[in-house]
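Small disclaimer: the values here were computed from a predicted structure and weren't measured. All heavy atoms count here, side chains included; hydrogens, waters and symmetry mates do not. Each ligand, and each atom within it, is numbered from 1 in the order the structure gives.
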Amino acid sequence: MSKPLLNSLDALRFDHAFVERLPADPRQDNRRRQVRGACYSLVEPTSVREPRLVACSRAMMERLDLDPALCGSDDFVEIFSGNRLLDGMKPHAMCYGGHQFGHWAGQLGDGRAIVLGDVINRAGERWSLQLKGAGPTPYSRTADGLAVLRSSLREFVCSEAMHALGVPTTRALSLVLTGEQVLRDMFYDGNPRHEPGAVVCRVAPSFIRFGNFQILTAQRDEKTLRQLMDYCIETHDADLGPPDPSAYVRWFERVCERSCEMVVHWMRVGFVHGVMNTDNMSIHGLTIDYGPYGFLEPYDEDWTPNTTDAQGRRYRFGNQSKIVLWNLLQLAEAIYPLVGDARPLEDALQNFHDDYARRWRAMMARKLGFEDWTPQLEPLIEALPGLLKRVETDWTLFWRCLARLEEDDKALTDEGLRSLFAPAWYRAEDISGEYLQQLRHWLEAYLSAARELDASRRRSLMNRTNPLYVFRNYLAQEAIDLAEQGDFSRVHELLEVLARPYEEQPGKAHFAGRRPEWARQRAGCSMLSCSS
Ligand code: AMP
Ligand code: MG
């Protein structure tokens, strides 16, 4: 019989390997500064006026062995707003640097995130609890250390939704309003407004990023760099063996594999991260730092939701694997002083190409309903982008429509195609006979490739690979508008629907539709700024 869940937060057990084994910033005052020779600074969350729970993740509570009923308690809200610390918490902000949009930015660090401590659950898993938006730290530079409800809600819901989609991601435990007002210039146009402040408690094995290594290498601090590397292996990847240069290489290979796996999942579900700077790359291959992200709606490999990147489109959908590789190259350079030999690191990077191509093909095969990739799928997959782009076609819904395709006489008639694909087309009225002919041609080739497959197994594999419900930006914006009015019911409903993204849920059609026309140009509904 499994043990009952913990009914008190005081029963959580913390482990302090990170702060105990790695060097701390000797200063303990909370002033902005350049930190050297340290992996973190001790800093406490700032108290807030009137914390109020918006939502919590039952699934994450249970993962931490906590009774979900605790979410509603005053204790819970006090602790996860940053107002109170539990015995055993050692709050700290991490020091890291990073390349932003391809340029080295120097020290960045947790400017508004504070790790409370690592919980070890009964299964022996390490879960680091981190508050985001809990006040300034030595790394806040010119900003306020706070977060607003709008961006916090987006991060909270999307973390849990991505997990349910099967995409590696940091998790989220809670979303709390602080009762404080925070000034934000959402459009960067000189018209700031007050928005409700919020704090998210994020959860992950660790929040260590590529940038944690990069900053130490930039400071030529090989000693601390080695300590961090050894810590990562011994704490998170102990099966790689005792830390030494060959284990460092194996660790790097593993980071390459995990990052590859992550980006293939992004491509599967149409996720565009939006800000793939090296400080936003987790060493665990987890999607981290949800900012101006988005899910592809009309298919377009050049799309990015981030208005700040609208010119160069560095982080566009179709570029994400290349950027992961570029980021891995920066990580390789950062750990090179420890390895002392460029060859094995170069080999690992070289291998990323083949690994990505292999995983991507396998993923696309499954989207099409095939257990394995076969060369006969190649022309089908190659023709797809042109087909989907010629008329605005929803990336998510296209696959669900395709899964419904039957092999009968009616299916491929003009009428049959119009009725099958109507949910995925943004301008059904513009679909020409010529386009239908092109689509029919593709579908005939598809059905011919699929003729050996059992139809119901094909459909079932497709519907396990291709989600019906994704956290579209306009759905987020609707929930934000309501939450800003004090109505959190939509957040709760979203959490519930998005927890089972592959299953058609009765009465939830609203969450399965394409983006409505009113949302095409509205801020937050398609494109977003970095303001958060
Ligand atoms: P991001 O682009 O959100 O990943 O953030 C890049 C850097 O800016 C990180 O060092 C963040 O901690 C920092 N940052 C972002 N927003 C704030 C804020 N409101 N206050 C302090 N630091 C921030
Ligand atoms: Mg970041």
Side-chain angles (χ1 to χ4, degrees), residues 25 30-35 39-41 43 45-46 48 82 91-115 128 130-152 154-156 158-159 169-170 172 178 180-186 188 192-200 202 204 206-215 218 272-284 286-293 304-309 314-315 323 327 330 528-532:
D25 171 9
N30 192 356
R31 294 234 192 87
R32 290 130 213 249
R33 57 181 171 266
Q34 291 293 309
V35 172
C39 291
Y40 63 92
S41 304
V43 60
T46 304
V48 300
H92 58 275
M94 290 190 186
C95 180
Y96 55 80
H99 282 87
Q100 297 184 314
F101 296 92
H103 303 283
W104 175 245
Q107 177 182 301
L108 297 166
D110 286 333
R112 55 168 165 176
I114 297 178
V115 175
S128 205
Q130 186 193 61
L131 299 185
K132 182 166 174 180
T137 76
Y139 307 97
S140 297
R141 296 177 291 157
T142 56
D144 57 10
L146 304 175
V148 294
L149 177 61
R150 165 171 59 82
S151 62
S152 306
R154 287 172 50 83
E155 172 141 27
F156 173 77
C158 200
S159 305
T169 178
T170 61
T178 59
E180 316 265 348
Q181 294 292 306
V182 174
L183 200 61
R184 284 289 179 271
D185 185 355
M186 187 163 102
Y188 298 129
R193 69 162 178 130
H194 282 288
E195 298 187 46
V199 173
V200 172
R202 305 197 290 191
S206 91
F207 290 92
I208 301 173
R209 303 139 191 273
F210 293 7
N212 295 64
F213 289 85
Q214 288 184 283
I215 189 71
V272 187
H273 183 285
V275 197
M276 297 173 67
N277 294 334
T278 57
D279 54 306
N280 290 341
M281 293 291 297
S282 152
I283 59 158
H284 307 290
L286 302 172
T287 313
I288 190 172
D289 280 11
Y290 289 89
Y293 65 82
T304 173
N306 183 357
T307 50
T308 314
D309 192 25
R314 179 179 170 86
Y315 299 139
I323 293 292
N327 289 341
Q330 309 313 313
L528 292 108
S529 76
C530 283
S531 159
S532 58

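Not counting sequence neighbours, the partners of Gln330 by the side chain to side chain contact (heavy atoms under 4.5 Å, CB included) test are His99, Gln214, Thr278, Trp326, Glu333. A search for side chain to side chain contact (heavy atoms under 4.5 Å, CB included) contacts involving Ser152 returns Ala147, Leu175, Ala198, Val200, not counting sequence neighbours.
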Review point. Hey, mind stepping through Asn306 and Thr304 against side-chain hydrogen bond (donor to acceptor under 3.5 Å, both in side chains) and telling me if it holds?
Key: CA-CA 5 Å; Asn306 183 357; Thr304 173; 5.5 Å; no

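In summary, Asp144 and Arg112 do not engage in a salt bridge, as defined by a charged side-chain N under 4.0 Å from a carboxylate O. The pair Asp25-Arg33 counts as a salt bridge, with a side-chain nitrogen and a carboxylate oxygen less than 4.0 angstrom apart.
Figure legend: Arg154 and Tyr293 shown as a cation-pi pair, the cationic atom lying under 6.0 angstrom from the six-membered ring centre and within 45 degrees of its axis.
Between Tyr290 and Phe156, the distance from one ring center to the other does not fall under 6.0 angstrom.
Asn212 CG to Ser206 OG: the interatomic distance, rounded to the nearest 0.5 Å, is 7.5 Å.
His284 contributes no side-chain N or O that, together with a main-chain N or O of Leu286, makes up a donor-acceptor pair within less than 3.5 Å.
The Mg ion (ligand 2) has Asn280 OD1, Asp289 OD2 as protein N, O or S atoms under 2.8 Å away.
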Quick check on ligand 1: any N or O pairs to the protein under 3.5 Å? One line per pair.
residue, atom, partner, partner atom, Å
ligand 1, 4 (O), Asn280, OD1, 3.0
ligand 1, 4 (O), Asn280, ND2, 3.3
ligand 1, 4 (O), Asp289, OD2, 3.3
ligand 1, 8 (O), Arg141, NH2, 2.7
ligand 1, 10 (O), Gly109, O, 2.6
ligand 1, 12 (O), Gly109, O, 3.1
ligand 1, 12 (O), Gly111, N, 2.8
ligand 1, 16 (N), Arg112, NE, 3.2
ligand 1, 19 (N), Asp144, OD1, 3.1
ligand 1, 19 (N), Leu146, O, 3.3
ligand 1, 19 (N), Arg184, NH2, 3.4
ligand 1, 20 (N), Gly145, N, 2.7

